Amino acid sequence: MTATATATATAPGAGRLGARITAPVRDGLAVAWRNLIALRRVPRLLVFSTVQPLVFVLMFRYVFGGVVGPALPPGVGYVDFLIPGIFVQTAVFGSMNTAIGLATDMQTGLMERFRSLPMARSAVLSGRTTADLARNVFVVALMTAVGFALGFRIHAGVPAFIGGILLVLAFGFAMSWIFAVVGMAVGDPETAQAAAFPVLAPLVFASSAFVPVSTMPGGLQAFADHQPVSKTAEAVRILVLGGPATTAVWEALAWDAGIVAVFAPLGVWLYRRAV
């Protein structure tokens, strides 16, 4: 009798705990699906999201390849050096869509509609970042095919290459939280796009994504050596080309965890203030 009463008393509490855990996940996936449907209905958004990385691949491969090639280690072709950096650059530039999408939702009043629904407050932000992660999967897959067409090859085996791709996607997801904060802070899509570029440009172009850090001036080398784009690009490059990758991978993952730990709570706080 006592055991039955205890089970009856604890079961509703356990159910409520499970609901508190699963409800935000379910709500976030619903918002992510809503954002992915928007891509299907406006396919030109996805088209132009893929054109930019293609331009970068072709431009750097054929315009700068002859200049950068001699600075690379012996036996490493520029296309093999470049494509991992392009993967990271694609993920970073793709995360800017998070800022623009959230700012658009704020401007159109959609945030207020979400606020009136019985859903987790974190779902709007987690759904947006998850949808952008799914879009990055498609774009990175396309960049992989383009890279192979241009002569890119895997040197360390398929499992290591898949690990590198997962590292790129994790970094893109983390960067989406930075731009979620940007979008929530400015609340206007045009301003969000303008505000995102000063963040993107130093991180992407002052990094090892396209050129070896050793070719940069001394002061710039210090910055390029210790920023997340370089750490991720180096980790992915090692996984593709071969070599001891444990330290580089853990450094890249530490950046991802740190970015999410700082910017995810900040984004939720800004969302609560905005609505």
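Everything numeric here is computed off the predicted structure, so don't read it as measured data.
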Kindly indicate whether the side chain of Phe173, heavy atoms from C-beta on, has any atom under 4.5 Å from the side chain of Ser95.
no
Kindly give the heavy-atom pair with the smallest separation between Ser214 and Gln221, and that separation in Å.
O-NE2, 3.4 Å
Looking only at heavy atoms, what is the nearest atom pair of Ala192 and Ala103, with distance?
CB-CB, 4.0 Å
Which pair of heavy atoms, one from Val140 and one from Ile165, lies closest together, and at what distance?
CG1-CD1, 3.7 Å
Should we say atom CZ of Phe197 is surrounded by more than 12 heavy atoms from elsewhere, each under 6.0 Å from it?
no
Over all heavy atoms of both residues, which pair between Ala224 and Ser230 is shortest? Give the atoms and the distance, please.
O-OG, 2.6 Å
For residues Leu54 and Met143, determine if any side-chain heavy atom of one lies less than 4.5 Å from a side-chain heavy atom of the other.
yes
Can you tell me how far apart CZ (Phe161) and CG (Leu241) are? Round to the nearest 0.5 Å.
11.5 Å
dist Asn97:CG -> Ser176:OG (nearest 0.5 Å) comes out at 8.5 Å
Are any of the side-chain heavy atoms of Lys231 and Ser208 separated by less than 4.5 Å?
no
Is Val199 reachable from Val186 through a run of hydrophobic residues whose side-chain heavy atoms are each under 4.5 Å from the next?
no
Dump the intermediate steps for side chain to side chain contact (heavy atoms under 4.5 Å, CB included) on Phe210 and Ile86, then the final yes or no.
CA-CA 8 Å; Phe210 307 126; Ile86 289 291; 3.7 Å; yes
If you look at every heavy atom in Ala248 and Ile238, which pair is closest and at what distance?
CB-CD1, 3.9 Å
Checking Arg237 side chain against Phe81 main chain: does a donor-acceptor pair fall under 3.5 Å?
yes
Just so I know, are the side chains of Gln89 and Phe205 near enough to count as touching, which here means a heavy-atom distance under 4.5 Å?
no
Could you check if a side-chain atom of Phe179 sits within less than 4.5 angstrom of a side-chain atom of Phe263, using non-hydrogen atoms only?
no
Gap separating the CH2 atom of Trp269 from the CE atom of Met184, nearest 0.5 angstrom
11.0 Å
Would you say that more than 12 heavy atoms from the other residues, nucleotides or ligands in this model lie under 6.0 Å from the CD of Gln193, or not?
no
Answer with yes or no after comparing the ring centroid distance for Phe56 and Phe93 against a 6.0 Å cut-off, counting only values under it.
yes
What's the spacing between Ile178 CD1 and Ile259 CD1 if we round to 0.5 Å?
4.5 Å
Checking the side chain of Arg61 only, and the main-chain atoms of Val79 only, is there a donor and an acceptor separated by less than 3.5 Å?
no
On the six-membered ring of Phe148, is Arg153 placed so that its NZ or CZ lies under 6.0 angstrom from the centre and within 45° of the ring axis?
no
Can you tell me if Asp132 and Thr98 form a side-chain donor-acceptor pair at under 3.5 Å?
yes
Could you grab the distance from atom CH2 of Trp33 to atom OG1 of Thr130, nearest 0.5 Å is fine?
13.5 Å
Validation row: Gln227, Ser207 side chains within 4.5 angstrom (heavy atoms)
yes
What's the verdict on side chain to side chain contact (heavy atoms under 4.5 Å, CB included) for Tyr62 and Leu150, showing C-alpha distance, side-chain angles and the deciding distance?
CA-CA 10 Å; Tyr62 294 109; Leu150 295 177; 3.3 Å; yes
Is the shortest side-chain heavy-atom distance between Val229 and Phe171 below 4.5 Å?
yes
Audit row: Trp177, Val262, side chain to side chain contact (heavy atoms under 4.5 Å, CB included) steps and yes/no
CA-CA 9 Å; Trp177 284 102; Val262 172; over 6 Å; no
State the OG1-CG distance between Thr232 and Leu253, to the nearest 0.5 angstrom.
8.5 Å
How close do Pro202 and Phe223 get, heavy atom to heavy atom, and via which atoms?
O-CE2, 3.6 Å
Is the closest side-chain heavy-atom distance between Leu203 and Met175 below 4.5 Å?
yes
